[in-house]
Structure formats: C-alpha cells, structure tokens
Amino acid sequence: MIFVGDGALLWRAVRHARADGHPVDLVCHGPRTTPPPGFDPGAAREVRSGAELDALAGELAERCTDGLLWSIDNPFLLREKVLASGLRLLNVHGGPLPSYRGLPPVTAAYAVLHGETSLAATLHEIDAGIDTGPVLAEARFPIDPDAATAWGR
C-alpha cells in the first residue's frame, strides 16, 4: 500500500493501516509534515510537486505489494505516469462529489458561506480529471449552524 499526501490526516491514515496489519510500502509526503517518530525513514519520501510524483511512478508500482495507492490530504495532482502505473488510485476527498471538487478547505468554506446544512467526505477513484473519478462511498455529516458566524456572516 502506498500513501500520497500531506498533513496530520495522512499520518493518521498510515498509522491506522499499519495498526490493522496492512503493509505500508511507501509514503510520499509533502513538505508540510515529516514522518512521525519511529517511522522507518526508508518507507517515506518527501515530494514537492506532482511532477516529482510522476517521476517516481515506476518505483511506486514496483514497491507496492497490494496494488493500492491512497491519496490523503494530497496537494499534488497525479499525472500521466502515475495514472498509467497500473495501481488502483483512491482519494479521500473533503467534500461531496461531484458538487464540491477542489481543495477541501475551499469546499468547506464554500459550503459554510453558502448556507449548506451538511458536508461529506467522499472516497473516489482517481482519473485524469480533478475529483472526477467514480465515487465509491460518501459519509455525510451536519455543519454546525453557528459555523458561518466564525466566517463573519
């Protein structure tokens, strides 16, 4: 299993996968975070762009023992070589798709500022578009009615 992304949600997902006994073959993370203490440095690689990830496509496919690549809080677009790597590419997206494509903080702000009463986290397959792959699952949750007050509305 390969993980690609950045931030605390990425490392929580990695810890969860390992705790459940799933192999974590490689974690490609952005510069916002570093691997937590005790994490095998050989199982992590810092990347700064989608182009860097694309250059690693062969290594990703070679190192992945179960054929799955998870995108968690991922700021990078997966490009042609990763898309063609033969891996199953899955993304956990912070918003309901297809209505709320793009970066999760923006989707959440948009929903709050437009008076939405709920939001969702969506699991979908990654394709060549931005958050356009087939939706596999969605978990809805309410937006606190006072959330807009924090945004000055």
Side-chain angles (χ1 to χ4, degrees), residues 1-114 116 118-141 143:
M1 184 175 302
I2 305 283
F3 285 88
V4 175
D6 208 7
L9 289 177
L10 168 70
W11 295 109
R12 286 179 67 188
V14 168
R15 277 195 310 271
H16 182 76
R18 292 174 80 188
D20 278 0
H22 299 288
V24 176
D25 304 305
L26 183 65
V27 179
C28 296
H29 63 92
R32 290 189 316 178
T33 57
T34 56
F39 190 81
D40 174 13
R45 166 113 4 108
E46 183 174 320
V47 294
R48 296 188 176 272
S49 71
E52 283 185 30
L53 276 174
D54 215 38
L56 294 172
E59 181 182 351
L60 298 177
E62 184 178 296
R63 288 184 67 171
C64 190
T65 56
D66 65 1
L68 290 175
L69 182 145
W70 287 94
S71 169
I72 310 285
D73 201 11
N74 182 16
F76 310 117
L77 293 177
L78 301 184
R79 297 183 177 185
E80 185 177 333
K81 290 180 183 175
V82 174
L83 294 171
S85 67
L87 296 171
R88 185 169 188 202
L89 310 173
L90 302 172
N91 182 48
V92 177
H93 176 72
L97 292 177
S99 305
Y100 285 78
R101 295 175 26 216
L103 295 173
V106 176
T107 65
Y110 183 88
V112 168
L113 293 172
H114 285 87
E116 297 284 351
S118 69
L119 200 55
T122 306
L123 172 64
H124 71 99
E125 292 188 32
I126 298 172
D127 63 12
I130 298 174
D131 297 327
T132 58
V135 171
L136 304 174
E138 179 182 274
R140 289 203 161 263
F141 52 90
I143 296 175

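What you see is a predicted model; the values in this text were computed from it and never measured. We count residues from 1, following the sequence as given.
Side chains of P35 and V27 form no contact here, defined as non-hydrogen atoms less than 4.5 Å apart. Residues L60 and S85 form no side-chain contact, since every pair of their non-hydrogen atoms from C-beta on lies 4.5 Å or further apart. Residues V92 and S71 have side chains not in contact (no heavy-atom distance under 4.5 Å, counting atoms from C-beta outward). Inter-residue side-chain proximity for F76 and D54 is flagged as unmet; no heavy-atom pair is nearer than 4.5 Å. Using a 4.5 Å cut-off on side-chain heavy atoms (C-beta onward), H22 and L68 make no contact. Residues L90 and E125 form a side-chain contact, since some pair of their non-hydrogen atoms from C-beta on lies under 4.5 Å apart. Within the 4.5 Å cutoff, the side chain of H124 has heavy atoms near those of the D131 side chain.
Applying the side chain to side chain donor-acceptor pair (under 3.5 Å) test to pairs two or more places apart or on separate chains, those with a residue in residues 56-67 are D25-T65, R45-E59, E59-R63.
H29 places no side-chain N or O within 3.5 Å of a backbone atom of W11 that could act as its donor or acceptor partner. With T122 contributing its side chain and V135 its backbone, the two residues share no donor-acceptor pair below 3.5 Å.
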Mind running side chain to side chain contact (heavy atoms under 4.5 Å, CB included) on I126 and V82 for me, showing each step along the way?
-> CA-CA 10 Å; I126 298 172; V82 174; over 6 Å; no
With salt bridge (Lys or Arg N to Asp or Glu O under 4.0 Å) as the test, would you mind laying out the steps for R32 and D73 before giving the verdict?
-> CA-CA 11 Å; R32 290 189 316 178; D73 201 11; 3.0 Å; yes
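Using bins of under 30°, 30° to 60° and over 60° for the plane-to-plane angle, the ring pair W70/F3 lands in the parallel bin.
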